[in-house]
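Remarks on the structure that follows.
We name chains A, B, ... by the order of the sequence lines, and we start the count at 1 in each one.
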Amino acid sequence: MADTDVLTRVKKIVVDRLGVNEADVKPEASFKDDLDADSLDIVELVMELEDEFNLEISDEDAEKIQTVGDVVTYIENHKS
Amino acid sequence: MGLKGKAALVTGASRGIGKAIALAFAREGASVVVNYAGNKARAEETAAEIRELGQEALVYQCDVTSEPDVQEMIKTVSKKFGHLDIVVNNAGITRDGLLMRIKEADWDAVLNTNLKGVFLVTKAALRPMMRQRSGKIINIASVVGILGNAGQANYSAAKAGVIGLTKTTAREVASRGITVNAVAPGFIITEMTAELPDQVKEQMKAQIPLQRLGTPEDVASVVRFLASDDSNYMTGQILSVDGGMAMQ
């Protein structure tokens with residue numbers, strides 16, 4: 001059930017940071033289009049995720065992150 | 001005690017304007033990180049004076065031109081105090097000469113410390129500040145970044161760069177409750193200006209409406225204002241502390 005765990009933790013951070021409803025934080029939700037995040041929000045989100053999952057997300061990788069699902073996949077692939 | 005409980009980092013705080021700022025903060029009740037690049041003994045002296053004022057001081061060696069070192073410094077500081085409220089980008093050097101005589105290495109050294117250093121420290125410090133949704137960044141620019149000064153092409157370019165950087169950073173992080181302002185000192189009596197010949201100092205004085213060179217304390221009191229809640233509605237501003245040299 002590792003997947004659920006990552007998704008739950010990501011959801012919590014997204015809800016905290018962006019002040020959105022948990023129900024809207026679906027894997028297919030786009031940060032910019034569906035969750036109203038601006039570029040600074042995304043920088044902050046990446047920062048939080050780095051701390052929460054103890055990993056470093058490079059700027060190149062961060063740019064590719066568009067949806068909640070992208071984040072979960074990235075973390076699953078890079079978890080230490 | 002307007003800065004009670006605040007944690008402040010001052011780069012280049014072993015002497016001159018940086019030291020005066022560090023002490024001014026301590027007098028207002030802040031804990032101060034005394035950053036220095038090379039002069040450990042003088043940095044320890046600054047720290048000792050802060051402790052005499054009853055405040056906590058941490059001496060931290062770090063060359064602001066190195067990103068990994070800067071990141072490590074900010075991490076250490078925010079861990080130690082649990083927050084980082086004030087950052088003063090003060091560290092600076094000069095390598096004066098007429099433009100036609102400035103060597104590439106002297107250009108690079110001044111731009112690296114005086115401009116890139118501000119960028120690196122700001123970038124690292126914004127991390128804890130964005131998280132806590134508050135913070136005050138104060139950059140030390142210079143009157144020569146506004147007016148220019150023969151013999152300081154590198155220094156004036158770097159300081160003009162600091163002014164642009166201040167305004168851009170202020171715009172980027174304003175929505176997170178972080179303010180970014182700069183102080184542009186005029187001719188201030190420090191070791192940096194002490195090297196100048198008396199004749200040059202007299203010429204400088206002649207350009208100053210208030211008819212005297214400034215003291216590090218003249219600058220520190222304005223920085224203290226920008227670090228305090230008294231300036232909460234100001235961001236992206238460049239305050240000249242130069243005896244009236246550059247009137248805007």
Next item on the list: Answer whether the closest heavy-atom distance between the side chains of B/Arg176 and A/Asp41 falls below 4.5 Å.
Entry: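 The answer is yes, as the side chains (C-beta and beyond) meet within the 4.5 Å cut-off.
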Checklist line | More than 12 heavy atoms from other groups under 6.0 Å of CD on A/Glu56 | finding: no
Next item on the list: May I ask you to check whether over 12 heavy atoms, not counting those of B/Glu104, lie within 6.0 Å of atom CD?
Entry: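 No, because the 6.0 Å sphere around CD of B/Glu104 holds 12 heavy atoms or fewer from other groups.
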Note to self: Quick check on the structure: residues of residues 121-139 of chain B within a heavy-atom distance below 4.5 Å of chain A, by number.
What the structure shows: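 Listed by number: B/Arg127, B/Met130, B/Arg131, B/Arg133.
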Checklist line | Test side-chain contact (heavy atoms from CB on, under 4.5 Å) applied to A/Glu52 - qualifying residues, sequence neighbours left out | finding: A/Arg9, A/Ile13
